[in-house]
Amino acid sequence: MPPGVAFSTIILILLVSIITVRNVSSLHFREAPKFYNSPNCPSIAPPLSAEAAADIASSICFNSEAVHVAMTLDAAYLRGSLAAVLSVLQHSSCPENIVFHFAASSVADTAVLSRTISRSFPYLQFRMYPFDVSAAAGLISTSIRAALDCPLNYARNYLADLLPACIRKVVYLDSDLVLVDDIAKLAATPLPNGAVLAAPEYCNANFTTYFTPTFWSSPSLSLTFANRKPCYFNTGVMVIDLQRWRAGDYTTKIVEWMELQKRMRIYELGSLPPFLLVFAGNIAPVDHRWNQHGLGGDNFNGLCRNLHPGPVSLLHWSGKGKPWARLDSNRPCPLDALWAPYDLLGTSYFLES
């Protein structure tokens, strides 16, 4: 991307951030109830020394029993993020053992975002991480939907750099989902044979459609998946071994594919294809119940969809349609009613009461 275009992109991101943060300040989110550990939960007592307790990094690294959850946080999806956090806590048997890690744009007002989280979840263990959007902005190619081009979507590529080195394993979640099961089960997913990440795979999807004819017609590029059995997986729900990620320098591998995409168009769909190029065929499996995705419809019309057959532990409104937007417009899909109980946005009636 030419320097002038990259600079213009960053300025646009900054202006949008200012406008959306002002909108956030005018919203009122309710305080969620506090959830307590069940009697059989392992203890994650804080560090013994006052000095260690005062150190934020130390306070989130002191116990291996904690479940670490990473999400992005921005004004546009804040309502969805709060609902996702509430659903995680509500269905956890050990909610006090969960630590959240929020990546937010470096040009956003993180103080406003952090204050909103603290007001809705005064007891929550969390930490904010500013993500340098300029690092990703110059690598992003336009995709089939503008929302997919937001630089914050690419923060998942840099989690191993953003989070403290003491954190070995993290569950990454998108902001447009809710859990209806204990996240500890997902976090306990084994990663055998050196696997770096785990996610539900969908091998019935036509994998070739995720890349352009230019990619498949190139003898060198099409050999990328040689000796692999690649399947589509959705990057909105992943269990990541950060130690193995760091050791294998997988952020660099993903960035190299994004740099190639700038020179020759090899895919169309935002931040997903680089993950497929690096990991497809080499990930640990996760039961499909942990990502009932596509509830937001396709990337163009956002039409209503039904659940996939089988049990459900996580509902994911990936696609164009978001449940809060459809509910506000009085045009909800039937499954949006399953998201609504986790919505913490206060109504005018609630505020007046």
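Remember, predicted model here, so these are calculated numbers, not experimental data.
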Do [X] side-chain atoms and [Y] backbone N/O form a donor-acceptor pair below 3.5 Å?
| X | Y | answer |
| --- | --- | --- |
| Ser329 | Ala325 | yes |
| Ser114 | Thr110 | no |
| Lys320 | Gly297 | no |
| Thr214 | Ile266 | no |
| Gln261 | Tyr267 | yes |
| Ser120 | Arg30 | yes |
| Lys169 | Ala187 | yes |
| Asn291 | Ala199 | no |

Quick check: do [X] and [Y] have side-chain heavy atoms less than 4.5 Å from each other?
| X | Y | value |
| --- | --- | --- |
| Val178 | Leu338 | no |
| Arg305 | Trp317 | no |
| Thr224 | Phe211 | no |
| Tyr250 | Leu197 | no |
| Ile98 | Ser92 | yes |

Just verifying a value: how many Å separate [X] [atom1] and [Y] [atom2], rounded to the nearest 0.5 Å?
| X | Y | atom1 | atom2 | answer |
| --- | --- | --- | --- | --- |
| Cys231 | Asn204 | SG | CG | 8.5 Å |
| Asp336 | Leu295 | CG | CG | 8.5 Å |
| Thr212 | Leu221 | OG1 | CG | 8.5 Å |
| Ser175 | Met71 | OG | CE | 4.0 Å |
| Leu173 | Leu186 | CG | CG | 7.0 Å |
| Lys262 | Ile140 | NZ | CD1 | 8.5 Å |

### Task
Return the orientation label for the His293 and His308 ring planes: parallel under 30°, perpendicular over 60°, tilted otherwise.
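Tilted: the ring planes of His293 and His308 meet at 30° to 60°.
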### Query
So Tyr77 and Trp324, would you call those rings parallel, tilted or perpendicular, with 30° and 60° as cut-offs?
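Because their plane-to-plane angle is over 60°, the rings of Tyr77 and Trp324 count as perpendicular.
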#### Entry: ring-ring contact (aromatic ring centres under 6.0 Å, His included) partner of Phe279, chosen from Phe233, Tyr232, Trp245
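It is Trp245; the other options fail the test.
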Closest heavy-atom contact between [X] and [Y]?
| X | Y | answer |
| --- | --- | --- |
| Pro311 | Gln292 | O-NE2, 3.6 Å |
| Pro200 | His288 | CB-CD2, 4.0 Å |
| Ser93 | Pro95 | C-CD, 3.4 Å |
| Ser81 | Thr72 | OG-O, 3.7 Å |

### Query
With a cut-off of 6.0 Å (strictly less than), are more than 12 heavy atoms of other residues, nucleotides or ligands near CG of Asn193?
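It does not: Asn193 CG has 12 such atoms or fewer within range.
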### Message
Quick check on Arg289: does its CZ atom have over 12 non-hydrogen neighbours (other residues, nucleotides or ligands) under 6.0 Å away?
### Response
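Result for CZ/Arg289: enclosed.
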### Query
Taking only residues two or more places apart in sequence, or in another chain, which ones meet Tyr342 in a side chain to side chain donor-acceptor pair (under 3.5 Å)?
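Tyr342 satisfies side chain to side chain donor-acceptor pair (under 3.5 Å) with His91 only.
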List the residues meeting side-chain contact (heavy atoms from CB on, under 4.5 Å) with [X], not counting sequence neighbours, and say none if there are none.
| X | answer |
| --- | --- |
| Thr252 | Asp249, Glu256 |
| Tyr36 | Lys34, Glu96 |
| Pro341 | none |

### Arg156 with Asp174: basic N within carboxylate O range, under 4.0 Å
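A salt bridge is present here (some side-chain N lies under 4.0 Å from a carboxylate O).
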### Query
In a check of side-chain hydrogen bond (donor to acceptor under 3.5 Å, both in side chains) between His101 and each of His68, Arg127, Gln125, which one passes?
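Looking at His68, Arg127, Gln125, the match for His101 under the side-chain hydrogen bond (donor to acceptor under 3.5 Å, both in side chains) is His68.
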### Trace of the ring pair (Phe, Tyr, Trp, His ring centres under 6.0 Å) decision for Phe131 with Tyr154
CA-CA 10 Å; Phe131 172 61; Tyr154 294 81; 8.7 Å; no
Compute the centroid of each ring, for [X] and then for [Y], and state whether the two points are separated by less than 6.0 Å.
| X | Y | result |
| --- | --- | --- |
| Trp257 | Phe275 | no |
| Phe225 | Phe207 | yes |
| Tyr158 | Tyr129 | no |

### salt bridge (Lys or Arg N to Asp or Glu O under 4.0 Å) partners of residues 221-241, not counting sequence neighbours, each pair once
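Matches after skipping sequence neighbours: Asp241-Arg244.
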### Message
Per the salt bridge (Lys or Arg N to Asp or Glu O under 4.0 Å) rule, what does the pair list look like for residues 184-197, sequence neighbours excluded?
### Response
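Sorted pair list: Asp181-Lys185.
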### Task
Look at the side-chain heavy atoms of Ile, Leu, Val, Met, Phe, Trp and Tyr, link any pair under 4.5 Å apart, and say whether Trp339 and Leu303 land in one connected group.
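Each belongs to a different hydrophobic cluster.
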